[in-house]
Amino acid sequence: MDPRCDIEVLVVGAGLAGLVAAAVAARDGASVVLCEVRAAGGRARSDTREGFVLNQGPHALYRAGVGSKVLSRLGIDFTGSPPHRAVSGYKEATGELARLPTSAGSLLRTRVLGLSDKVHFARLLSTLPKREGHSFAEMAEMSAAEWIASLGLSSRGAGVVSALTRVATYAGHLELVSADAVVAQLQLALKGVIYLDGGWQSLVDGLEAVAASGGAKVLESERATALHARSDGTFEVHTPARTLWAASVVVAAGSPAAARALLPHPPSWELGAPATAACLDLGLRRVPATMVAFGLDQPLYLSTHSPKARLAPPGGAVVHVMRYGARASAEDRAELWALARCCGISDADVITQRFLHEMTVCHALPRPGSGLGGRPAIDATGTAGVFIAGDWVGPVGLLADASLASGEAAGRAAVDHAKRQRANDSAMVGR
Ligand SMILES: Cc1cc2nc3c(=O)[nH]c(=O)nc-3n(C[C@H](O)[C@H](O)[C@H](O)COP(=O)(O)OP(=O)(O)OC[C@H]3O[C@@H](n4cnc5c(N)ncnc54)[C@H](O)[C@@H]3O)c2cc1C
């Protein structure tokens, strides 16, 4: 092996996927370098404005998700609280708000569903947690929209299930996401989510600390511009400032396009549609009258993340308002403000606000026809020793769960590859 190759695992991109890959590899004793074009954290970074901690759009961690397990294996501590239980359904056409069912108790009280829908919905709530194994394999074939249509609900009832499905998956177009992923995510949602104290920055800081304690070096403001495979099986990664030599590489650059731009022999992955969102992040001087509302006739969301999580100064509130599927900026902004006003928020309440007109929540949703199992694997890169990680990679989890799970798997695989390389080298020298 070239003596200049002193990095065992080089990670490109310091979002959650790259940070986990680096933390796992460093904890396994590998020499690790992480290069990041901006600051660490990617889409999980939080910003503090006037004392309000704002995630980039609404972020909730699935308590029973694979991501929580990855974080606990790395010893990352986090605290937080579940969302408010009272959820309203919002009809944009009429400006109405009505209580939505999210549990057996609220199902009995809701005025949104008729008796027949209540029976179907109760059956759904009781059977959802039990779906597993072969029924998942069958569901990979169909879209979430087809699955909802098969439930026998009225159009109103289907609207309620669609609204809850969107909240759990962030998919704006339910015909473009496979039902296996959606049902697995709804099962996780039933087990609970939490809003994190200090925002998702607490995860970013925790992962950076684990990586650093294992000796990983983070190069910020440094873009990887090219990745070349060398004849001795190692890799050269170029940045505008330097050339780095590594035994293995994890590309966790966020999007499939960014990964493709770097891979020496980019494969033709079959990818699903991205999920985008328009987000209005608000820091308010008081808590709004209606704390949570989901759109019934439009793909809209509003939730008061603080109080609940510690994100706002005393007496204040952090509210996230979102449209699933971003369109023209002015149109979306006006629509989000209409929902905010309907929930009792006025201009006078606002201390700080930020509108993010088109965020990519997930770069490729699992496709109907192939489902979660059809996403590219961590080693589907066309080059041995180069791995990928992100929210569009691997057979488990959606959103951050997929980034964290694929990051962990890619970090481990990169260490194994680097160790094999070293062992082969030692064997050659000994001959
Ligand atoms: C509005 C919104 C709401 C969300 N809500 C939730 C939620 O409630 N629950 C949930 O589980 N998930 C949620 N997510 C998803 C979650 O934030 C992401 O899945 C996760 O943060 C993605 O991490 P990543 O590391 O895969 O990608 P990214 O965060 O995109 O990180 C990729 C990093 O690579 C860097 N990079 C790119 N190219 C290069 C290069 N050439 N050289 C060096 N660095 C490079 C980028 O700067 C970036 O920092 C949400 C996302 C959004 C946008």
Side-chain angles (χ1 to χ4, degrees), residues 60 62 87-93 98-104 106-108 110-191 193 272-277 292-301 303 322-325 361-362 364-374 397-399 401:
Y62 290 82
V87 177
S88 296
Y90 167 66
K91 275 202 130 186
E92 185 179 78
R99 183 82 182 263
L100 270 193
T102 49
S103 64
S106 55
L107 183 60
L108 291 175
T110 185
R111 289 179 286 115
V112 174
L113 298 178
L115 185 61
S116 155
D117 275 347
K118 285 186 181 183
V119 171
H120 281 105
F121 202 86
R123 191 178 309 137
L124 179 64
L125 280 178
S126 67
T127 55
L128 249 187
K130 296 175 203 135
R131 282 179 188 255
E132 55 188 21
H134 70 275
S135 72
F136 267 126
E138 283 160 20
M139 279 188 285
E141 293 296 319
M142 62 169 99
S143 71
E146 287 167 332
W147 171 68
I148 292 170
S150 75
L151 296 175
L153 295 158
S154 71
S155 66
R156 213 156 200 227
V160 172
V161 176
S162 301
L164 298 176
T165 302
R166 271 194 296 269
V167 174
T169 61
Y170 285 80
H173 300 286
L174 297 180
E175 67 283 8
L176 298 180
V177 58
S178 60
D180 62 335
V182 161
V183 171
Q185 199 69 6
L186 283 168
Q187 289 178 329
L188 283 181
L190 286 177
K191 290 180 183 156
V193 299
T276 64
V292 185
F294 302 155
L296 292 179
D297 55 350
Q298 292 295 329
L300 296 171
Y301 163 105
S303 181
M322 184 174 70
R323 179 186 167 89
Y324 303 88
V361 182
C362 167
L365 291 164
R367 289 176 312 133
S370 58
L372 280 165
L398 272 190
L399 309 167
D401 278 350

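Quick note: residue numbers are just sequence positions, from 1.
- Partners of Glu92 under the side chain to side chain contact (heavy atoms under 4.5 Å, CB included) rule, at least two apart in sequence or in another chain, are Tyr90, Asp297, Gln298, Leu300, Glu335.
- Going from atom NE2 of His120 over to atom CG of Leu151 covers 8.0 Å, rounded to the nearest 0.5 Å.
- Scanning all heavy atoms of the two residues, the minimum distance from Leu372 to Gly397 falls at CD2-O, 3.6 Å.
- Across every non-hydrogen atom of Val182 and Ala144, the tightest pair is CG2-CB, 3.6 Å.
- Residues Trp147 and Ala179 share a closest heavy-atom pair of CB-CB, 3.8 Å.
- In terms of the side chain to side chain contact (heavy atoms under 4.5 Å, CB included) criterion, Ala149 has no residue partners (sequence neighbours excluded).
- Residues satisfying the side chain to side chain contact (heavy atoms under 4.5 Å, CB included) test with Ser154, not counting sequence neighbours, are Asp117, Arg156.
- For the ring pair (Phe, Tyr, Trp, His ring centres under 6.0 Å) test, residues two or more places apart in sequence or in another chain that qualify with Tyr301 are Phe294.
- Screening residues 159-179 for side chain to side chain donor-acceptor pair (under 3.5 Å), with sequence neighbours left out, gives Ser178-Asp180.
- Put simply, CG on Leu398 and CG on Leu188 are 8.5 Å apart, with the number rounded to the nearest 0.5 Å.
- Of all heavy-atom pairs spanning Ser143 and Leu174, the tightest one is CB-O, 3.8 Å.
- Residues satisfying the side chain to side chain contact (heavy atoms under 4.5 Å, CB included) test with Ala168, not counting sequence neighbours, are Tyr62, Gln185, Leu186, Ala189.
- Leu113 is not listed as a side-chain neighbour of Leu153, based on a closest heavy-atom distance of 4.5 Å or more.
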(request) Show your working on side chain to side chain contact (heavy atoms under 4.5 Å, CB included) between Leu100 and Val292 and close with a plain yes or no. (result) CA-CA 10 Å; Leu100 270 193; Val292 185; over 6 Å; no
